[in-house]
Amino acid sequence: MNPMVHAAPGAPDDLFAQGAETGFFSRIDIHFARFIKRLCMPVNDNTVLAAALVSKYTREGHICLDLAEHAGKKVVFSAQLLSTLECPSLDTWVEDLRACSVVGMPGDYTPMVLDTACRLYLWRYWDYERTCADKLLFLSRQKKSFDVEMFRQGLQEVFPQEDDCGSKEQKLSALAALRSGLCVITGGPGTGKTTLVSKILSLLAHHDSSLSVALAAPTGKAAQRVGEAVFETIRLFDLPDEIKVSLSGKASTIHRLLGIVRSKSLPRYNRNNLLPHDVVVIDEASMVDLSLMAKLVQAVKPSARLILLGDKNQLASVQAGHVLGDICDTGAVYGYSQELVADVKEMIGYDLETGIESGMQDSVIELKRTYRFSPESGIYQLSRCVNEGDVSSCMDIIRSDGYKDIRFYETSAEEQVVRNLQTIILDAYSPCLRGTDPGECLRLFNSFRVLCALREGPAGVVRMNALIEQTLAAHGLIKPAAQYYHGRPVLITANDYNMRLFNGDIGIILFDKEDRELRAFFPAPAGAPRKISVARLPQHETAFAMTVHKSQGSEFDHVLLMLPEKDAQVLSRELIYTGITRARNRLDLFFDIDVFSAAAARRTKRTSGLRDLLWGKSSGS
């Protein structure tokens, strides 16, 4: 047995050791199980096993452990190592957990919480979930008063286009944002979410010129983008200059908005010290994990409006939870309440379908009209079929000659794959690397990107960046002899507020003719790119290729999407959808058909009770 692995007492030592050695359990899982063993009275193996499992699944992004899903089943450590460790029956497991002093009911302050729906939580995550649900439901039920005639007049000003489907969706979103304390606007790329929120802010400013607005996003790059987009849109509206200035304040990360620092246990703004803003807008909400969302909603004052923007079908957050998906109840379809239907008829003039009276449906608006793709484009059709899990139709689109914006390359023959990759890479990156103007080089570089599903492995980011460097060097386009070289693209991986560089920012290192040395150039909101000494760059990595996760919130004219040669659990419908929808005009696909089919059929599942709490289903409390 690995001497660094301590098996959990109360369970067969060799089985827990095998689970750790195969990577099924981490050391923290084993240590947590041992900790529970020491506290638990009376002691039983089933509680120790549950502790190890709830630690594992929370670490992997779930909010809780669904006992019913695992009861009576064997714990399979790996395909090569079939253990004999078996979970007890549900009744036995629940009985043993209820008898243990460290397992409480919802509301008890115990290390683990077991609700009536047989979901087992670490206490902190149960608290996060309940905090989110309570505050989101509270905000959604806060009915706001506003001047109806002023609203109608404002609609004419900010929505002058024809009353098509897209316009109706946007007007409904505007009404939902004005009449309630919570508005969630979800939609795919190109559906106009950021432009729409600018219009909503303009309508709100018509009603209250002293409105205090906060714009934020999970990453610095996303915050910068939403801030610039709102500024560009707001300035087109007929508003007093002071209002335009107030609505066009700089956006920040959610961490900076709340004042979250590692050295302090509580953010500056919390349930006891609320944010001063009347409206809080969060872009790219699909990237927000449960812990961060709980801290955010606690800090929003009861009288404020919270507006969340995001694509519910994108990848879930890196940390635990799939909060936006739970808020939107992804996969379900609802009508609206009679009250909202009546308001829409009176104030906008069209009919809506009615549905259930409870839940979040009046606060969640989905934008379906895309302005980026035509309905006939292959990228749009493929993204729609992937999102629906329609693998057969995906195959028809990929193999069809009727879509000029999609090209598919089978990856069975490695030598041919490398030749195809090299041809595309040279064609896409050569114009950028032969350029001399930093602004033009950045524009050309950011028109194309290689996206990988994984970081490691033959089709991962690390190997792809090495292959790209080798290919470009072989043709004299770069000289990667040192860490920094002319033409090296860099992806910032840590926020640096002093340098105004944020996680996700992409720049390029070029020889600067003025300084006669290498400098890093980054896009600026207006004018020439920012020029920074390479010695002052925060943590970064080469960015010819990047993961699909890192690409969230970005758009490229041309995307090359690479899947690994073998299926893996991290491959999912949401990952493929996110990668596909980063492309505007052209999409090159490199994958094995079986791997793609398995991934497209697999929807990300993150166990939680948040969806039930928000939508009036079995709460488990």
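Nearest heavy-atom pair across V391 and S597 is CG1-OG, 3.6 Å. Closest approach of P529 to P438, counting heavy atoms only: CG-C, 4.0 Å. Residues G378 and I397 come closest through the heavy atom pair O-CG2, 4.2 Å. Between S173 and L367, the closest heavy-atom pair is OG-CD2, 3.8 Å. Here the closest non-hydrogen pair linking L575 and V570 is CD1-O, 3.9 Å. The two residues V323 and D289 have their closest heavy-atom pair at CG2-C, 3.8 Å.
With rounding to the nearest 0.5 angstrom, the CD1 atom of I406 is 7.0 Å from the CD1 atom of I398. Summarising the geometry, atom CG belonging to L65 is positioned 7.5 Å from atom OG1 belonging to T607; distances are rounded to the nearest 0.5 Å. Between L560 atom CG and I424 atom CD1 the span is 5.0 Å, to the nearest 0.5 Å. Taken to the nearest 0.5 Å, the CE atom of M562 stands 11.5 Å off from the CG atom of L454. Here the CG atom belonging to D390 is positioned 6.0 Å from the OG atom belonging to S392, to the nearest 0.5 angstrom. Considering CD1 of I260 and OG1 of T253, their distance stands at 8.0 Å, rounded to 0.5 Å.
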Take I307 and V280 through the test side chain to side chain contact (heavy atoms under 4.5 Å, CB included) and record every step on the way to the result.
-> CA-CA 6 Å; I307 301 175; V280 178; over 6 Å; no

Check the pair R488, T542 against side-chain hydrogen bond (donor to acceptor under 3.5 Å, both in side chains), reporting the backbone distance first and the verdict last.
-> CA-CA 7 Å; R488 181 194 173 197; T542 302; 3.0 Å; yes

side-chain hydrogen bond (donor to acceptor under 3.5 Å, both in side chains) assessment of E541 paired with T493 = CA-CA 7 Å; E541 59 189 36; T493 57; 5.3 Å; no

Are F24 and K56 close enough, and set up right, to give a side chain to side chain contact (heavy atoms under 4.5 Å, CB included), and what steps lead you there?
-> CA-CA 8 Å; F24 183 85; K56 167 188 168 61; 3.4 Å; yes

Can Y125 and T58 be said to form a side chain to side chain contact (heavy atoms under 4.5 Å, CB included), step by step?
-> CA-CA 9 Å; Y125 285 92; T58 302; 3.4 Å; yes

Please test H540 against Y484 for ring-ring contact (aromatic ring centres under 6.0 Å, His included), starting from the C-alpha separation and ending with a verdict.
-> CA-CA 12 Å; H540 60 277; Y484 300 113; 5.8 Å; yes

Stepwise, does the side chain to side chain contact (heavy atoms under 4.5 Å, CB included) test hold for D567 with D594?
-> CA-CA 8 Å; D567 189 25; D594 292 337; over 6 Å; no

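Two rings, from F408 and F591, have their centers less than 6.0 Å apart. Between F590 and Y409, the gap from one ring centroid to the other is short of 6.0 Å.
Two residues are said to be in side-chain contact when any heavy atoms from C-beta on lie closer than 4.5 Å; L324 and V288 fail this criterion. The closest side-chain heavy-atom distance from R225 to E284 is below 4.5 Å. With a 4.5 Å cut-off on side-chain heavy atoms, T547 and L451 do not count as touching. L215 is not listed as a side-chain neighbour of D283, based on a closest heavy-atom distance of 4.5 Å or more. With contacts defined as side-chain heavy-atom distances shorter than 4.5 Å, the pair F596/L589 does not qualify. Using a 4.5 Å cut-off on side-chain heavy atoms (C-beta onward), R602 and Q569 make contact. Between P523 and N446 the shortest side-chain heavy-atom distance falls below 4.5 Å. Residues L477 and Y429 have side chains not in contact (no heavy-atom distance under 4.5 Å, counting atoms from C-beta outward).
Side-chain N or O atoms of R606 include one that pairs as donor or acceptor with a backbone N or O of G321 at under 3.5 Å. When atom types are taken as modelled, the side chain of S447 and the backbone of D557 share no donor-acceptor pair closer than 3.5 angstrom. Judged by distance alone, the side chain of D405 and the main-chain N or O of I379 form a donor-acceptor pair under 3.5 Å. Looking at E129, its side chain does come within 3.5 Å of a backbone N or O of L610 through a donor-acceptor pair. With hydrogens and angles disregarded, a donor-acceptor distance shorter than 3.5 Å links the side chain of D505 to the backbone of F502. A donor-acceptor contact shorter than 3.5 Å links the side chain of T578 to the backbone of L315. Put simply, the side chain of K193 never gets that close to the backbone of G310: no donor and acceptor are under 3.5 Å apart. Between the side chain of H486 and the main chain of F511, a donor-acceptor pair closer than 3.5 Å is present. Looking only at distances, no side-chain donor or acceptor of N387 sits under 3.5 Å from a matching main-chain atom of S383.
A salt bridge does not link R516 to E514: none of the charged nitrogens lies less than 4.0 Å from a carboxylate oxygen. With salt bridges taken as basic N to acidic carboxylate O contacts below 4.0 Å, none links R536 and D496.
For the residue pair S551/R449, the side-chain donor-acceptor check at 3.5 Å is not satisfied. Residues E469 and N465 bring no donor and acceptor atom of their side chains to less than 3.5 Å of each other. Between the side chains of S26 and D29, at least one donor N or O sits under 3.5 Å from an acceptor N or O. With 3.5 Å as the limit, one finds no donor-acceptor pair spanning the side chains of R419 and Q422. In this model, no donor atom of one side chain and acceptor atom of the other lie less than 3.5 Å apart for T186 and D311. Q314 and E574 share no donor-acceptor pair across their side chains, judged by distance under 3.5 Å alone. In summary, the side chains of K295 and S291 do present a donor paired with an acceptor at a separation below 3.5 Å, with no hydrogens or angles considered. For the residue pair D588/H558, the side-chain donor-acceptor check at 3.5 Å is satisfied. In the model, T191 has no side-chain atom that pairs as donor or acceptor with a side-chain atom of R369 under 3.5 Å.
Counting heavy atoms of neighbouring residues, nucleotides and ligands inside a 6.0 Å radius, atom OH of Y380 does not exceed 12 of them.
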